[in-house]
> 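One structure coming up, written as structure tokens, with questions to follow.
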2 protein chains.
Amino acid sequence: MQDNIATFKALGDPTRQQILGLLAREELTIAEVASKFDMTRAGVKKHMILLERGNLISVTPRGRERLNRLNPEGFRAITDWLGFFDNFWDEKLNALANVIKDENK
Amino acid sequence: MQDNIATFKALGDPTRQQILGLLAREELTIAEVASKFDMTRAGVKKHMILLERGNLISVTPRGRERLNRLNPEGFRAITDWLGFFDNFWDEKLNALANVIKDENK
DNA sequence: CTTAAATAAAACCAAATGGTATCATGAGTC
DNA sequence: GACTCATGATACCATTTGGTTTTATTTAAG
């Protein structure tokens, strides 16, 4: 799906970044996540949907509850995207180095 | 400022990602950027403001026009943020490796 | 100095977002 | 079967966003 737009969009919100921080320590149900915020379960749920849409979390049912955990896919999508620009900075630095070399020769 | 929220928010839009792609090849004025899109200059300008707010571009005046170029700061902000989770994946993989080792001993 | 070009700034509009409260559903427990 | 409990789904509200058009403001060129 390579929809890194949805991934970046999901990361552009402080609440969702905090949720990811929580899930980095342990898998949690929606109710457990909601208990850490001053927000309704329904409100948290909507954030979870956006995180899921960005492939930043995945959900697996366990009985009547659902466990949310981090999903590497979304993280990899933005790492990949960044790679393109890392390339760019390298070229810029090389170009700069060449200019300096030319000036000194 | 470390407002990576503004940076992620700026990246969560396809038009703005395309603008960054253009600026990776050459510095451009707003009018030049706008000429590549089916959009008003004013519309492009608003995107540029969001990109600037996320430290993804920087603007320097040259006569009556303004040159827009990529700014490494925003890119570094999200690379840094990703670092935390890279750490997380490493730990997960180590934990998994240990489980496998225990099962085989 | 007048005029044109590039940008900035403001008012406005439709659509998406972050949140709420309310109702429906599905799994465990008695 | 009846009853909770965790979740899902929906309708609704205020604010932000992506875009337009229109109106300044600054700089270059005659």
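Throughout, protein chains are lettered first and strands after them, A, B, ... in sequence-line order, and every chain is numbered starting at 1.
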> What nucleic acid atoms does B/Thr40 come within less than 4.0 Å of, heavy atoms only: base, sugar-phosphate, or nothing?
base

> If we count only N and O atoms by modelled type, under 3.5 Å, do the side chains of B/Arg62 and B/Thr29 hold a donor and an acceptor together?
no

> Give A/Ala42 one of three labels, base, sugar-phosphate or nothing, depending on what nucleic acid heavy atoms sit under 4.0 Å from its own.
base

> Pairing donors with acceptors under 3.5 angstrom, does anything connect the side chains of B/Asn68 and B/Glu32?
no

> With respect to the side chain of B/Met39, which nucleotide from D/dT7, D/dT20, C/dA8 is positioned closest?
D/dT20

> Would you indicate which nucleotide in C/dA6, D/dG8, D/dA6 comes nearest to any side-chain atom of B/Arg64?
C/dA6

> If we ignore angles and hydrogens, is there a donor and acceptor under 3.5 Å between the side chains of B/Thr7 and B/Arg53?
no

> Distance check needed: D/dT17 P versus B/Leu50 CG, whole Å only.
7 Å

> With the side chain counted from C-beta on, respond yes when A/Met39 and A/Thr15 share a heavy-atom pair under 4.5 Å apart, and no when they do not.
yes

> Please report the distance, rounded to the nearest Å, between CZ in B/Arg41 and P in D/dT21.
12 Å

> Whole angstrom is fine here: how far is it from CZ in A/Arg62 over to P in C/dG28?
11 Å

> Calculate the interatomic distance between B/Phe37 atom CZ and D/dG18 atom P; express it in whole Å.
14 Å

> Can you figure out which of C/dG18, C/dT17, D/dT17 approaches the side chain of B/Lys9 most closely?
D/dT17

> Counting only side-chain heavy atoms from C-beta out, which of D/dC5, D/dG8, D/dG19 sits nearest to A/Ile30?
D/dG8

> Round to a whole Å and report the spacing from CD1 of B/Ile49 to P of D/dG19.
14 Å

> Classify the angle between the aromatic ring planes of A/Phe85 and A/Phe88 as parallel (below 30°), tilted (30 to 60°) or perpendicular (above 60°).
perpendicular

> Mapping B/Asn68 and A/Gly12 onto DNA chain C by nearest heavy atom, which one lands closer to the 5' end?
B/Asn68

> May I ask you to say what B/Gly43 touches in the nucleic acid, namely base, sugar-phosphate or nothing, with a heavy-atom cut-off under 4.0 Å?
base

> Rounded to whole angstroms, how far apart are NZ on A/Lys46 and C1' on D/dT15?
13 Å

> With a 4.0 Å limit, can you tell me whether A/His47 has a side-chain N or O closer than that to the phosphate oxygens OP1/OP2 of C/dG19?
yes

> Report yes if at least one side-chain N or O of B/Lys45 is closer than 4.0 Å to OP1 or OP2 of C/dA8; otherwise report no.
yes

> Please give, in whole Å, the distance from D/dG18 P to B/Gln17 CD?
13 Å

> Could you state the atom-to-atom distance from CZ of A/Arg16 to P of C/dG18 in whole Å?
5 Å

> Does D/dG18 have OP1 or OP2 under 4.0 Å away from a side-chain N or O of B/Thr15?
no

